[in-house]
Amino acid sequence: MGETTRRRAPGMSPEERRAMIITVAIPLVAEYGAAVTTKQVARAAGIGEATIFRVFEDKDELISACMEEALRPDQVTREIASISLDDPLADRLRAAADALAAHLERIGTLAGALHATGHPSGARNAMAGKLRTKRAKRPGSAEQGSESAEQRPGPAEREGGHQVRDAVAELFEPERDSLRLPPDKLTAMFLGFLYTRGRMGGESAGVEPAELVDLFLHGALAEAK
């Protein structure tokens, strides 16, 4: 009876239907990890289970697509780009730090759920690939040039990194003439601070994004009284 009353999927292109299913599936994957079922996803999307397999070969492909989507920085880039340049620099950077911290937390939640349920390749491996790529670019690195095609970040990830860097660099532009370093160098250092916090464990390490911004802008030494 339930199947006969299920509403038909709206008229969508395969790409649109795929994107809709991914959007619905991400919170379910974050909750259930690899134990999520396509039946749960179909029910949440209001479609028949067979519709999923018209755009995904199997559940593993759907989970991988959710991972890819979570890694995409489109949303966080839009949030950073929307920060008013009329705000003080410290406020701009705190807003950017909060947005990036939330982005990393979303990735971490998905990665943790997949890892906890024994998924062989989810977000944990994707993030490890990002770190290997950074190390491989360092001169003299033992990993330089050793990555397989499977380990390399995909086009969306590479382009996304540029989008985030460009959006953050724009936040420094109003103060360009009073900065000690060019905006691009400050951006690299600022993002390094934030990504290091993510690898330290974020909230569990007791380091808030606002604290890192203050440290970044004013250094570790207290002002002399």
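Residue numbers run from 1 in the order of the sequence given.
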Looking at [atom1] of [X] and [atom2] of [Y], how far apart are the two atoms once the value is rounded to the nearest 0.5 Å?
| X | Y | atom1 | atom2 | result |
| --- | --- | --- | --- | --- |
| L62 | F56 | CG | CZ | 5.0 Å |
| L71 | C66 | CG | SG | 11.5 Å |
| L93 | L212 | CG | CG | 11.5 Å |
| L100 | F190 | CG | CZ | 7.0 Å |
| D58 | I52 | CG | CD1 | 11.5 Å |
| I26 | E69 | CD1 | CD | 5.0 Å |

By salt bridge (charged side-chain N to carboxylate O under 4.0 Å, His left out), which residues pair with [X], not counting sequence neighbours?
| X | answer |
| --- | --- |
| D98 | none |
| E175 | R92 |
| D60 | none |

Q: Quick one: do I47 and I21 satisfy side chain to side chain contact (heavy atoms under 4.5 Å, CB included)? Show the steps, please.
A: CA-CA 9 Å; I47 57 177; I21 293 171; 3.9 Å; yes

Can [Y] be reached from [X] by stepping across I, L, V, M, F, W or Y side chains whose heavy atoms are under 4.5 Å apart?
| X | Y | answer |
| --- | --- | --- |
| M67 | Y32 | yes |
| V76 | Y195 | yes |
| I63 | V24 | yes |
| L89 | F193 | yes |

Q) Salt bridge check: are R18 and E15 linked by an N-O gap of less than 4.0 Å? A)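 No.
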
Q | Test log, rule salt bridge (charged side-chain N to carboxylate O under 4.0 Å, His left out), inputs R94 and D214 | A | CA-CA 9 Å; R94 288 189 192 107; D214 288 339; 2.8 Å; yes

Q) Do other residues, nucleotides or ligands put more than 12 heavy atoms under 6.0 Å from E57 CD? A) no

Taking the side chain as everything from C-beta on, heavy atoms only, tell me whether [X] gets closer than 4.5 Å to [Y].
| X | Y | result |
| --- | --- | --- |
| M12 | M20 | yes |
| E170 | L85 | yes |
| P14 | R54 | no |

Q | Smallest separation among heavy atoms of L194 and L104, with atom names | A | O-CD1, 4.2 Å

Q.
I need the minimum non-hydrogen distance between A30 and A113, along with the two atoms involved.
A.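 Looks like O-CB, 3.2 Å.
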
Q: Please step through side chain to side chain contact (heavy atoms under 4.5 Å, CB included) for the pair V164 and H103, ending with a clear verdict.
A: CA-CA 11 Å; V164 172; H103 174 63; over 6 Å; no

(Q) Under a plain distance cut-off of 3.5 Å, with no hydrogens placed, do T109 and R106 share a side-chain donor-acceptor pair? (A)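 No, T109 and R106 have no side-chain donor paired with an acceptor closer than 3.5 Å.
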
